[in-house]
Each structure stands twice: as structure tokens, then as C-alpha cells.
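These figures come from a predicted structure and were not determined experimentally. All chains are named by letter (A, B, ...) in the order of the sequence lines, taking the proteins before the strands, and each is independently numbered beginning at 1.
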Number of protein chains: 2
Amino acid sequence: MSSSERTNFVEMLRDVKLKVTPQRIAILEQIQKNGHFSIEEIYEDVLKMFPSISLATVYKNIHSLMESDIIREIKVPGHKSKYQISGNSRSYMGCSVCGLVENIETPNKKAPSSASKWKIVDTMVMFIGICPKCKK
Amino acid sequence: MSSSERTNFVEMLRDVKLKVTPQRIAILEQIQKNGHFSIEEIYEDVLKMFPSISLATVYKNIHSLMESDIIREIKVPGHKSKYQISGNSRSYMGCSVCGLVENIETPNKKAPSSASKWKIVDTMVMFIGICPKCKK
DNA sequence: CTCTGTGCAAAGCGTTTGCAAACGA
DNA sequence: TCGTTTGCAAACGCTTTGCACAGAG
């Protein structure tokens, strides 16, 4: 990871009044480095860099980071939730076979008038398909 | 429920080689009648009409009905999965506060070329917002 | 120093499984 | 009759909680 990324996370955390702990940074770096991760995968990867971390800590952090909108939950139907650093992309390809998630460029999308009584705060487009690996 | 709806479910089940049991019909009727339901809600409502049904039966049926694509799973980030009878609509409004899901008319949507290596089988658009009730 | 975060172990809950009996075809 | 489904209870596995200690601010 570059130091600018680290600085980035530190600022993000300060902005939302979360303390900057090495565990938190390690979790964020893993999520950023590897894209879309389930809790289990995040835990196992952080463990390599940070052998003393506990699963409970990962869960607690995933929650507080989601509440602060630093990370975001993505779910492909039939698979476990995955997490990614919040960003502009809200369009995903999800593999129905293995659960892989990839960001794609966002097709512009407006909520139809039938939703006018709602206050719309976000738009998510998910394409469900079969990824190149699972096609074989 | 109308008898045509019942007939409908019977045919759906036969088409996919699932046996027509009263429990299955009751589950399907509840889902159809009430829109988007979590497993817990389906169970509690079916229980009123069918006091002997067990939670395990609901779970088993939700799975086989999903495998046969008779019902579909929808998940609003941060809330439990809900289920609905499969249909044409694959566009939803999801309430980030209470988890309410509503179908909306589908805005046409094509996967961008960046996804060309995938085999796309479905498209789902989800608008996240705050429903009229939670706005108050 | 104070308050938040961590780690551990136990508790909690939603979901799944095994099995015998009931049921649909 | 044969294979599937149901209902029950036990087992499972993921997630949360309580608490004492460590660490950030």
C-alpha cells in the first residue's frame, strides 16, 4: 500500500470520529487491496498481517465502518455479503455461480416517477451473470 | 386468493417437478398476497392458516422454490433477505430504514461493454431510499 | 485520564440436517 | 408402491455480547 492510501484512511476515520487503530487500518487495506471480500475472507487475510486480531474485532469494525459509510455491503443473491471501500461505483457484476463481484462503470439511471413518494438516496445496478472463470 | 391463482401455482410446481403440497401452496399464496416477505414473516403468516407447519418446512421450500426460480430473493443492504414470486420486474425500491421493498417499472438497462467477458443472465436495478412511512 | 477499541469466551439466533412418519403421484 | 415432503429436535455456523485489559486522543 502507498503511504497516501494510508493517510487517506486515517483522514477518513478522523472525519467520522473513529479512532485510528492498526486493526482498522489493516482491515481497510485488505478490503481496498482485494476488492470485494466476505467477512471470513477479510479476517483470514488480515490475520496474516496481524496474527492477534480476533474475528469479533473484524465484525465490530465492519459495522462501524458501514455506519460511517466508509465501506459498503454488496450482496449477490444466493451468496454471502461482500464489502468494498465506498466509492462512486454503484454498479456491479455479480457471478451467480461463485459469488464474485466486480465493479463496472455506472450506466446512468434515474428512478421512475412511480417512486416519487420516496426520498431516493442511492442507486444500485446489479447485473447477474456468470463470470469468465465459471463459464469454463 | 382466486382459484386461477391456485391453479397457477399448481402448474408452476408441476412444471418444475415439485410435488403440490398444501404447505407449498400456502407459502406461495402468502408471498403473493403480501409482496415482499422475510422468512420469519412468511412463517408467521402461514402459521395462521396452517398451524401445523414447521419453520424447517418453510426453509426447505424457500430453497426448492428458489432453485426452480418460482420465487426470487431480494436484499436491501443492511436488512434481511425478502422473497417474492418471480416475475418480470427486476427493479426495486428498497427502504434503507425499514427494509421495505417495492417493485417499480423496469428502466431499460444494458450491461456495459466492460462486462463482455461475462455471460449476463439477469439485470437488477435497486434504488435505495427512504419510504414514505419512514420519511415522517 | 477518559473513553473507545480489542480479544476472548460464552451466548444468541437464524438456518440446516437427520430421521421416522405422512403424503403425493 | 416409491420417491418426495413434512415435522421435530438436535446440530451448526455465523454473529453478537459482556467483560477486563490495552491503547488512542
Student check: side-chain heavy atoms of [X] and [Y] closer than 4.5 Å:
X	Y	result
A:Arg24	A:Leu13	yes
A:Ile130	A:Ser96	yes
A:Ile85	A:Phe9	yes

>> My understanding is that only one of B:Leu28, B:Ile27, B:Ile70 makes a side-chain contact (heavy atoms from CB on, under 4.5 Å) with B:Asn61; could you say which?
In response: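 Of all the options given, the one that passes is B:Ile27.
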Between N or O atoms, less than 3.5 Å apart, protein on one side and nucleotides 23-25 of chain D on the other: list the pairs.
residue, atom, partner, partner atom, Å
D:dA24, N3, A:Lys19, NZ, 3.4
D:dG25, OP1, A:Val20, N, 3.4

Between [N] atom [atom2] and [X] atom [atom1], what is the distance in whole Å?
X	N	atom1	atom2	value
A:His63	C:dT6	NE2	P	14 Å
B:Leu13	C:dC23	CG	C1'	15 Å
A:Ile53	C:dG5	CD1	P	14 Å

>> For residues A:Val125 and A:Val101: do they belong to one hydrophobic cluster (side chain heavy atoms under 4.5 Å, members Ile, Leu, Val, Met, Phe, Trp, Tyr)?
In response: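 Not linked; separate clusters.
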> Do A:Glu41 and A:Ser38 get their side chains close enough for a donor-acceptor pair, meaning under 3.5 Å?
Replying inline: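 Side chains of A:Glu41 and A:Ser38: pair found under 3.5 Å.
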> Hey, are A:Thr57 and A:Gln23 close enough side-chain-wise for a donor-acceptor pair under 3.5 Å?
Replying inline: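 On atom types as modelled, these side chains do not qualify, holding no pair under 3.5 Å.
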Can you tell me if [X] uses its side chain to pair, donor with acceptor, with the backbone of [Y] under 3.5 Å?
X	Y	result
A:Ser81	A:Ile74	no
A:Lys135	B:Lys117	yes
B:Lys75	B:His79	yes

> For DNA chain D, which consecutive runs of 3 or more Watson-Crick or G-U pairs (each distance under 3.5 Å) count as stems?
Replying inline: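 So the stems come out as C:1-25 with D:1-25.
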>> So if I take every side-chain heavy atom of A:Ser54 and compare against C:dG5, D:dT6, C:dG7, which nucleotide ends up nearest?
In response: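 Closest nucleotide to the A:Ser54 side chain: C:dG7.
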N/O to N/O distances under 3.5 Å, protein versus nucleotides 18-21 of chain C:
residue, atom, partner, partner atom, Å
C:dG18, O6, B:Lys60, NZ, 3.1

>> Mind checking if A:Ser52 touches a base, just sugar-phosphate, or nothing, with heavy atoms under 4.0 Å?
In response: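 Result for A:Ser52 = sugar-phosphate.
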